[in-house]
Amino acid sequence: EGESLWSEMITAIFLPHPQPSLLSPDRRTGERRGGARSVGVRSEAGLKITAIEPQAKHANRFNLYVDDAFALGLSALLAAKLRVGQEITEDEVRALEREEAFETGYEKALRFLEPRPRSANEVRQQLLKKKIATDAIDRVVERLTGAGLLDDTAFAKYWVENREEFRPRAGRALRFELKRKGVPDA
């Protein structure tokens, strides 16, 4: 008996261990995985949320797994509306993607507005640079305007006052700067 234990230990130490592959059983479900695939392979039957896991580097973000495949990253706000085992359609997954694009754009816009007021055009250009979808940008600008955080008239007043105090310009030069920032005839 001692000899068989010894041989098992030697085998365990020196023989190569099989590496997990895409075809090895999934840790969560025990089912075999078939490699990378896009969400929505099954069109007739509903898709099932199999996991919602926190992201390692972003505390307020979660990974959504549909049918044991990564679907998309979600903000905590959107992840709170979902639960493991919930049936979800392809259209609902696409709606989640659109809503996530909006939430991401909104967060980026708020960070962009932190240092100083901006014009609506400046926010649009910044979000385009960050590769946010144009329909999401329109919703972000609408929401910021509704909340009073984006106002071209207030921005123009701020810009003129700031320029007069720190780097005086002629009226014509100020109008040109404002036009370049996307503020129409201020």
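With sequence neighbours excluded, the residues forming a side chain to side chain donor-acceptor pair (under 3.5 Å) with Arg163 are Glu177, listed by chain and number.
For the atom pair CG (Leu64) and CD1 (Ile88), the distance works out to 6.5 Å, reported to the nearest 0.5 Å. Taken from OG in Ser119 to CG in Leu150, the straight-line distance is 7.5 Å, to the nearest 0.5 Å. Rounding to the nearest 0.5 Å gives a distance of 9.0 Å between NZ of Lys108 and CD of Gln126. Residue Glu99 holds its CD atom at 4.5 Å from CZ of Arg139, rounded to the nearest 0.5 Å. To the nearest 0.5 Å, the span separating CG on Leu127 from NZ on Lys130 amounts to 9.5 Å. Atom CH2 in Trp159 sits 8.0 Å away from atom CG in Leu178 (nearest 0.5 Å).
Heavy-atom contacts from other residues, nucleotides or ligands closer than 6.0 Å to CD of Glu107 number more than 12.
Judged by the 6.0 Å and 45° rule, Arg116 forms no cation-pi pair with Tyr158. A cation-pi arrangement is present between Arg143 and Tyr106 under the rule of less than 6.0 angstrom and at most 45 degrees off the ring axis.
Pairing each heavy atom of Ala109 with each of Val140, the nearest pair is CB-CG1, 3.8 Å. Residues Val183 and Asp152 come closest through the heavy atom pair CG1-O, 4.1 Å. Taking each heavy atom of Ala79 and Ile52 in turn, the nearest pair found is CB-CG2, 4.2 Å.
A chain of hydrophobic side-chain contacts below 4.5 Å, direct or via other Ile, Leu, Val, Met, Phe, Trp or Tyr residues, connects Leu110 to Phe102. Hydrophobic clustering, with ILVMFWY side chains joined whenever heavy atoms are under 4.5 angstrom apart, groups Leu82 together with Val66. Under a hydrophobic-cluster definition in which Ile, Leu, Val, Met, Phe, Trp and Tyr are linked whenever side-chain heavy atoms come within less than 4.5 Å, directly or via other members, Phe155 and Leu144 are assigned to different clusters. Leu74 is not connected to Leu77 by any chain of hydrophobic side-chain contacts under 4.5 Å among Ile, Leu, Val, Met, Phe, Trp and Tyr, and they are in different clusters.
In terms of modelled atom types and a separation under 3.5 Å, the side chain of Asp151 and the main chain of Thr153 share a donor-acceptor contact. Between the Glu100 side chain and the Ser75 main chain, a donor and an acceptor come within less than 3.5 Å of each other.
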Checklist entry - Going through the distances and angles, do Ile137 and Leu128 end up as a side chain to side chain contact (heavy atoms under 4.5 Å, CB included)? => result CA-CA 8 Å; Ile137 292 173; Leu128 280 172; 3.6 Å; yes
Checklist entry - For Leu72 and Val93, what are the C-alpha separation, side-chain angles and deciding distance, and is it a side chain to side chain contact (heavy atoms under 4.5 Å, CB included)? => result CA-CA 9 Å; Leu72 67 144; Val93 171; 4.3 Å; yes
Item to check | Check against side chain to side chain contact (heavy atoms under 4.5 Å, CB included), Lys81 and Leu78 | outcome: CA-CA 6 Å; Lys81 297 176 184 178; Leu78 291 176; 4.2 Å; yes
Item to check | Pair Ile49-Arg83, side chain to side chain contact (heavy atoms under 4.5 Å, CB included): steps then yes or no | outcome: CA-CA 7 Å; Ile49 297 175; Arg83 67 184 192 291; over 6 Å; no
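Between Arg124 and Asp138, the closest side-chain pair of non-hydrogen atoms falls below 4.5 Å.
Residues Glu53 and Asn63 have side chains that never bring a donor and an acceptor to within less than 3.5 angstrom of each other.
With respect to the salt-bridge test (charged N to carboxylate O, under 4.0 angstrom), the residues Glu122 and Lys181 qualify.
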